[in-house]
Amino acid sequence: LKFNMKIPTMVINDCQYLNTERFDEQLEISDIIKKTTLLKAPTGFGKTLVGLLWFAKHKEKMLWVCPTNNLSYGIYKSILNELKLFGDNKVSVQLYLTSEVKESNCNCEDFEADIVITNLDNYLKPNIDGSYGSRLYNIYNRKTVFDEIQEYITEAALFACFMSTMNIRHRYTNTETLCLSATPLTFFEYWDNTDNKTIVLPNKEDHYQSKVNQYITINCIETNEEIDKAINDSDIIISNSVSETQRKKKEYKQDLIIHSQYLDLDKKEKISNILDVFGKNSNIEKTLSSSLIIQSGFDISTKSMLDSVLSPESTLQRIGRIDRWNNKDGGIYNCYLSNN
């Protein structure tokens with residue numbers, strides 16, 4: 001394989017977080033990962049970096065599976081950014097969606113990069129489509145990260161197919177699997193059955209603590225006047241419908257907008273802009289109106305947010321975008337119940 005990734009042992013450039021207790025813990029976790037491992041850690045913990053450290057340790061080709069296309073785009077950008085910190089440009093990375101390569105830093109054949117990032121649908125496709133049958137070996141025998149695994153739980157047949165695949169990987173192969181979850185949900189019993197061999201980190205009862213040391217002020221607001229003020233004071237506004245996202249963008253003159261109904265090309269450009277504005281080391285000050293699309297997989301940070309509450313799980317995801325890298329002296333989370 002054409003890579004020689006090195007674990008950093010000192011501060012690289014201005015990326016101070018590589019020389020912290022947090023990084024030491026991430027490195028320690030990457031050494032614990034065996035066979036089938038479920039890592040429960042909040043948004044902003046650095047689960048992506050844990051996966052890359054695991055990859056660096058074994059230096060084997062890896063699949064990185066996400067629940068949605070949007071998350072896949074975000075993870076692709078995050079992995080490329082994290083790899084820069086290691087000073088290694090030899091790791092080939094490929095974003096494979098809708099049965100084709102969408103982004104790549106190499107000239108590899110489909111599904112043959114060192115790290116292939118794809119969505120759950122493309123990952124499972126060889127199980128139901130014979131024309132992709134040659135890929136079956138890869139999906140059962142390559143080390144695989146299942147990102148935001150809590151998002152896989154649905155009533156759709158796709159979830160049943162995923163669980164069948166996990167049963168095969170866990171019980172009948174020697175392949176190692178890392179499942180990443182931003183919520184305390186544990187459903188490893190579906191594939192563990194009676195052997196109880198899944199490693200759950202930190203343990204079956206607990207969840208890793210957030211690495212954000214600053215306090216976040218939480219305001220539950222009710223009146224229209226309070227909502228209007230919170231909108232004007234918030235960098236990011238999250239709504240639960242496309243129409244409400246569009247209305248707030250127009251009415252409150254937000255700089256950026258993102259929702260699920262854009263065409264792939266437009267969505268890719270918008271996601272890239274959002275990552276630039278709210279990403280690490282950015283000094284750009286703009287505002288964003290977003291649908292729930294942004295609640296997982298976007299490696300961004302903001303000082304203030306207004307959230308139209310959807311569910312406890314969604315709130316845990318969204319609030320993790322506030323002061324994500326512990327460099328904003330805390331943050332403000334305003335939430336309200338909407339009829340829209």
Side-chain angles (χ1 to χ4, degrees), residues 43-44 66-74 77 97 119 148 150-151 154 156 182-183 216-279 282-324 328 330-340:
T43 298
C66 303
T68 65
N69 283 5
N70 303 315
L71 179 54
S72 300
Y73 276 113
K77 292 283 188 181
L97 301 171
N119 61 12
E148 302 289 356
Q150 76 279 351
E151 301 278 341
T154 68
T183 69
I216 294 176
T217 302
I218 299 177
N219 300 314
C220 298
I221 56 182
E222 297 181 2
T223 67
N224 290 333
E225 290 77 13
E226 289 176 319
I227 293 173
D228 286 342
K229 184 178 185 307
I231 287 176
N232 290 324
D233 293 341
S234 298
D235 300 323
I236 296 179
I237 303 170
I238 302 183
S239 306
N240 296 318
S241 69
V242 173
S243 59
E244 185 67 9
T245 302
Q246 293 170 325
R247 185 187 71 79
K248 284 189 170 68
K249 163 70 167 71
K250 182 177 181 181
E251 184 173 345
Y252 295 95
K253 297 180 173 59
Q254 302 300 105
D255 299 310
L256 305 171
I257 183 173
I258 184 67
H259 55 70
S260 59
Q261 293 187 5
Y262 282 106
L263 296 175
D264 283 347
L265 189 61
D266 294 332
K267 192 183 300 181
K268 172 186 169 184
E269 181 180 353
K270 289 182 178 295
I271 289 174
S272 181
N273 288 338
I274 291 169
L275 293 174
D276 287 341
V277 171
F278 295 97
S282 172
N283 295 316
I284 304 172
E285 295 185 2
K286 288 188 177 182
T287 54
L288 168 68
S289 179
S290 172
S291 67
L292 52 84
I293 188 177
I294 206 171
Q295 73 185 30
S296 61
F298 278 72
D299 194 19
I300 59 175
S301 178
T302 183
K303 176 73 175 179
S304 57
M305 176 184 293
L306 175 67
D307 180 21
S308 176
V309 174
L310 179 63
S311 68
E313 290 80 13
S314 295
T315 296
L316 284 173
Q317 291 274 33
R318 298 172 186 185
I319 203 170
R321 314 292 151 188
I322 300 175
D323 197 10
R324 187 176 176 90
K328 297 182 182 295
I332 300 171
Y333 175 74
N334 298 310
C335 61
Y336 69 102
L337 291 173
S338 173
N339 294 323
N340 296 307

Enumerate, atom names and distances included, each donor-acceptor pair closer than 3.5 Å involving a side-chain atom of residues 227-234, sequence neighbours excluded.
from   : atom 1 : to     : atom 2 : distance (Å)
Asp228 : OD1    : Tyr252 : OH     : 2.5
Lys229 : NZ     : Asp233 : OD2    : 2.8
Asn232 : ND2    : Asp228 : O      : 3.1
Ser234 : OG     : Ala230 : O      : 2.5

>> Under the rule for side-chain hydrogen bond (donor to acceptor under 3.5 Å, both in side chains), what residues qualify as partners of Asn334, not counting sequence neighbours?
In response: Asn219

>> Any side-chain to backbone donor/acceptor pair from Lys249 onto Glu244? Under 3.5 Å, distance only.
In response: no

> Excluding sequence neighbours, so at least two apart, what forms side-chain hydrogen bond (donor to acceptor under 3.5 Å, both in side chains) with Glu251?
Replying inline: Arg247

> Minimum heavy-atom separation for Ile332 to Ile322, with atom names?
Replying inline: O-CD1, 3.7 Å

> Is it true that atom NZ of Lys286 has more than 12 heavy atoms of other residues, nucleotides or ligands lying nearer than 6.0 Å?
Replying inline: no

> Going by distance alone, is a donor N or O of one side chain under 3.5 Å from an acceptor N or O of the other, for Glu226 and Thr223?
Replying inline: yes

> If only atom types and distance count, is the side chain of Ser289 paired as donor or acceptor with the main-chain N or O of Ile257 below 3.5 Å?
Replying inline: no

> What is the minimum heavy-atom distance between Phe298 and Leu275, and which atoms define it?
Replying inline: CD2-CD2, 4.3 Å

> What pairs with Tyr333 under ring pair (Phe, Tyr, Trp, His ring centres under 6.0 Å), at least two apart in sequence or on another chain?
Replying inline: none

> Tyr262 ring centre to Lys270 NZ or CZ under 6.0 Å, with the angle to the axis within 45°?
Replying inline: yes

>> Please identify which of these residues, Arg324, Lys77, Arg321, meets the salt bridge (charged side-chain N to carboxylate O under 4.0 Å, His left out) condition with Asp299.
In response: Arg324

> Does Ser290 use its side chain to pair, donor to acceptor, with the backbone of Ile238 at less than 3.5 Å?
Replying inline: no

> Do you know the tightest heavy-atom contact between Gln317 and Gln295?
Replying inline: CB-O, 3.1 Å

>> Treating Gln150 as the side-chain partner and Ala182 as the backbone partner, does any N or O pair qualify as donor plus acceptor under 3.5 Å?
In response: yes

>> Can you list everything that forms a salt bridge (charged side-chain N to carboxylate O under 4.0 Å, His left out) with Asp307? Sequence neighbours excluded, please.
In response: Arg318

> Should Thr68 and Asn70 be marked as a side-chain contact (heavy atoms from CB on, under 4.5 Å) after you check the CA-CA gap, both sets of side-chain angles, and the distance that decides it?
Replying inline: CA-CA 5 Å; Thr68 65; Asn70 303 315; 4.1 Å; yes

>> Holding to salt bridge (charged side-chain N to carboxylate O under 4.0 Å, His left out), I want the full list of residues that pass it with Lys268, two or more places apart in sequence or in another chain.
In response: Glu103

> Does Asn240 reach the main-chain N or O of Ser308 with its side chain, forming a donor-acceptor pair under 3.5 Å?
Replying inline: yes

> Any sub-3.5 Å donor-acceptor pair from Asp323's side-chain atoms to Lys328's backbone N or O?
Replying inline: yes

